[in-house]
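As a basis for the values below, the full set of heavy atoms in this structure was taken, side chains included, without hydrogen atoms, waters or symmetry mates. Only a predicted model underlies this, so the values are computations on that prediction, with no experimental measurement involved. The sequence lines fix the lettering, A, B, ..., with proteins before strands; numbering per chain opens at 1.
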There are 2 protein chains.
Amino acid sequence: MRSVTIKDVAVKAGVSTATASRVLSKHPSTSPAARNAVEQAVAELGFRPNAQARSLRKTTTQTIGLLLPDIRNPFFADLAHAVEQRARDFGYVTLFGNANENMEQQERYFDVMLSQRVDGLIAAPQGDRAGLVGILESGLPTVFVDRVIEGTGVPSISPDNRTGIRAAVAHLTGLGHRRIGYIAGPQSTSTGRERLQAYQEAIAASPADASPELVYLGDFQAASGAAGAHALLDLPDAPTALLAADSLMSIGAIGVCNERGISIGSEVAFVGYDDIEAFTLLNPALTVIAHDVDAMGRGAVEMLVDVLAGEPAQSRVLPSRLIIRGSTPELLEEVGP
Amino acid sequence: MRSVTIKDVAVKAGVSTATASRVLSKHPSTSPAARNAVEQAVAELGFRPNAQARSLRKTTTQTIGLLLPDIRNPFFADLAHAVEQRARDFGYVTLFGNANENMEQQERYFDVMLSQRVDGLIAAPQGDRAGLVGILESGLPTVFVDRVIEGTGVPSISPDNRTGIRAAVAHLTGLGHRRIGYIAGPQSTSTGRERLQAYQEAIAASPADASPELVYLGDFQAASGAAGAHALLDLPDAPTALLAADSLMSIGAIGVCNERGISIGSEVAFVGYDDIEAFTLLNPALTVIAHDVDAMGRGAVEMLVDVLAGEPAQSRVLPSRLIIRGSTPELLEEVGP
DNA sequence: CGTCATTGTGGAATCGATTCCATGGAATCG
DNA sequence: CGATTCCATGGAATCGATTCCACAATGACG
């Protein structure tokens with residue numbers, strides 16, 4: 001299946017490859033006659049330009065890379081969708097890589113993106129500068145989304161991790177909770193670190209119990225949410241409220257509560273992370289810390305387009321908000337025996 | 001940021017580009033001296049081969065395309081993950097496209113995949129042969145996954161849509177349900193068609209009511225699940241059980257039941273589609289028709305690899321099974337007044 | 001009516017890697 | 001020891017599109 005080249009088109013249209021190329025790229029200096037002949041030849045032969053050859057000659061590929069930690073996380077699935085649709089508006093195709101919350105696969109994909117000569121990269125990175133020297137030195141225009149790595153000078157669009165957590169802690173202490181268990185994200189990510197720090201600060205500034213046993217370090221995947229819920233609920237003085245730092249860990253933790261017959265809402269209050277649709281279906285529905293994923297994805301693409309145009313990009317932080325639902329009800333007065 | 005080419009490497013190592021290329025591609029005929037010199041030059045210069053140039057000369061790109069209808073559907077997110085990991089095992093990078101349940105975007109991505117000269121394509125297509133002539137005529141090695149288009153000769157790996165639905169209908173009629181509402185998928189997809197047909201056949205062969213008003217035609221997206229639930233529950237003689245043909249429509253429909261204060265399990269039985277984790281968290285947990293997504297994704301890649309090796313591929317159908325949970329309880333005897 | 005821009009065109013160079021072909025030197029064999 | 005194979009190597013062709021450059025034809029203008 002040797003494919004049709006521009007030479008075949010040129011021969012069929014009775015012009016040179018130069019003219020054929022000019023017609024195809026809508027160069028102004030082409031005669032109507034040549035245009036017709038070439039267009040007809042293209043249609044008849046089913047010619048499809050070879051993107052490899054084109055981008056070898058031009059320096060651009062009309063392709064952007066998108067590197068995400070876990071596509072099965074609904075938050076990132078939504079983000080991928082938003083990025084992809086917006087990139088499309090600008091005529092870019094998205095080359096997608098799934099790092100699987102794994103440093104090694106992340107590096108491998110950085111390599112692939114560089115080899116494929118993507119025009120720019122949108123990444124939700126993990127680790128520190130060390131793992132990114134390859135990308136940083138390459139000069140590949142890059143934007144961080146959701147997660148950030150400090151000291152790299154890479155512009156980013158990320159959620160305000162602190163206010164959401166603060167609002168959640170205030171909400172829970174306002175309801176009377178004093179032991180609030182926290183299932184944290186990995187400290188190799190900025191979101192994991194900032195959220196944990198915000199939790200610790202908010203707890204310290206509140207009447208709630210600040211003992212470290214109330215923090216479980218997870219890895220943003222469902223299994224660790226389950227493990228965290230077990231660990232926290234097994235404490236001699238179990239927390240009366242749980243807070244999880246992402247949606248997958250929330251799912252894992254809620255599963256464990258159900259398994260153990262601990263009723264969310266009445267027996268333990270629960271605040272989840274990310275407003276995924278399934279959380280509204282729970283009974284009671286889940287109180288969550290939510291972000292505008294769509295705005296984040298679109299914003300990342302727009303920022304990258306600015307960088308590609310040589311304009312200086314300003315990092316942005318998007319607000320989070322607390323959506324209060326049934327999983328964090330008013331605490332009932334305890335009735336004495 | 002002019003990037004480092006193999007010529008720079010060759011000059012630095014004091015050899016020709018031909019020798020440098022041989023070292024890099026591990027050609028046997030290279031001297032240890034040349035190998036060392038080239039490897040050192042590569043490391044010092046941070047050389048990264050240009051994938052465009054390479055695949056222009058070779059005929060292969062080490063890239064496969066993956067075209068899915070909607071990455072926000074957890075079923076397809078899981079599928080994407082499975083495909084991507086398995087492709088990685090074979091040394092392929094996955095170029096991912098999201099058709100957004102939309103024929104136009106699907107065609108656009110077929111175009112992109114052809115231009116990018118992916119070595120092969122895995123697609124969950126929609127529409128009929130007409131929309132695929134481009135791909136079919138191009139001779140691009142293709143495998144269908146989940147969805148199928150008949151009469152194309154393209155090998156496929158798909159779920160057994162019929163037995164799952166049959167089992168669900170049998171389960172519901174066995175519980176005593178006689179009016180079973182069905183929220184169907186779009187008839188432009190094989191899964192939508194086969195599941196609806198299986199529902200109709202199963203209903204016809206059962207004591208249940210076969211009136212067409214019990215079928216609502218959705219489009220595999222959450223909003224249509226919601227609309228379907230409203231329509232069915234608004235019927236003068238509302239169904240006592242609901243069955244939805246995919247996970248997003250299930251989510252939409254469950255949301256509507258909650259909104260209307262109709263308790264799933266006690267007031268209406270519900271069977272969802274696809275075993276996504278969040279469904280196990282519902283109270284009661286959802287009875288679902290489930291597939292082995294991981295096997296489907298891995299199988300698709302393996303099948304494509306076979307096709308690429310020139311071996312004839314055998315289409316496969318993977319079993320579905322009914323997982324019975326709390327949303328379809330024993331019907332209580334109605335107590336007379 | 002000559003000069004000068006403008007426009008459409010084709011030939012050939014180019015992008016960066018791979019690979020065919022020819023060559024010189026070393027190793028092997030009768 | 002001469003003939004032959006084998007190996008490592010460099011020069012040059014190649015993949016398919018774009019684009020620089022040169023040139024001819026046309027039109028505009030003083």
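Take B:F220 and apply the ring-ring contact (aromatic ring centres under 6.0 Å, His included) test, not counting sequence neighbours, and it matches no residue. Scanning for side chain to side chain contact (heavy atoms under 4.5 Å, CB included) contacts around A:L114 gives A:I135, A:S138, A:L140, B:R48, with sequence neighbours left out. With sequence neighbours excluded, no residue forms a side chain to side chain donor-acceptor pair (under 3.5 Å) with A:S55. Judged as a side chain to side chain contact (heavy atoms under 4.5 Å, CB included), and not counting sequence neighbours, the contacts of B:Q40 are B:E44. In this structure, A:R108 has no salt bridge (Lys or Arg N to Asp or Glu O under 4.0 Å) partners at least two apart in sequence or on a different chain.
Among residue pairs with one or both ends in residues 141-150 of chain A, those qualifying as salt bridge (Lys or Arg N to Asp or Glu O under 4.0 Å) are A:E101-A:R147; sequence neighbours excluded.
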Would you tabulate the side-chain donor-acceptor contacts of residues 76-84 of chain A under 3.5 Å, counting partners in other chains and residues two or more places apart, or write 'none'?
{"residue": "A:H81", "atom": "NE2", "partner": "B:N100", "partner atom": "OD1", "Å": "2.8"}
{"residue": "A:E84", "atom": "OE2", "partner": "B:N98", "partner atom": "N", "Å": "3.2"}
{"residue": "A:E84", "atom": "OE2", "partner": "B:Y109", "partner atom": "OH", "Å": "2.2"}

Identify every side-chain donor-acceptor pair in residues 28-36 of chain A under 3.5 Å, counting partners at least two apart or on other chains, and give the distances.
{"residue": "A:T30", "atom": "OG1", "partner": "A:H27", "partner atom": "O", "Å": "3.4"}
{"residue": "A:T30", "atom": "OG1", "partner": "A:R35", "partner atom": "NE", "Å": "3.2"}
{"residue": "A:S31", "atom": "OG", "partner": "A:A34", "partner atom": "N", "Å": "3.1"}
{"residue": "A:R35", "atom": "NH2", "partner": "A:T30", "partner atom": "O", "Å": "2.6"}

Cut-off 3.5 Å, no hydrogens considered: what does the side-chain donor-acceptor table look like for residues 294-313 of chain A, sequence neighbours left out?
{"residue": "A:E302", "atom": "OE2", "partner": "A:R86", "partner atom": "NE", "Å": "2.7"}
{"residue": "A:E302", "atom": "OE2", "partner": "A:R86", "partner atom": "NH2", "Å": "3.2"}

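Taking a pair as Watson-Crick or G-U wobble with both distances under 3.5 Å, the runs of three or more consecutive pairs in DNA chain C are C:1-30 with D:1-30.
The interatomic distance linking A:R117 (CZ) with C:dG16 (C1') rounds to 9 Å, in whole Å. The NZ atom of B:K7 sits 11 Å away from the P atom of C:dA17 (whole-angstrom rounding).
Surrounding CZ of B:R88 are more than 12 heavy atoms belonging to other residues, nucleotides or ligands, all under 6.0 Å away.
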Practice prompt. Classify every nucleotide of nucleotides 4-9 of chain D by which part a protein heavy atom approaches to under 4.0 Å, writing B for the base, S for the sugar-phosphate alone and - for neither, in 5'-to-3' order.
Written response: ----SB
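For DNA chain D, the residues of residues 43-64 of chain B within the heavy-atom distance limit of 4.0 Å (strictly under) are B:L56, B:R57, sorted by number.
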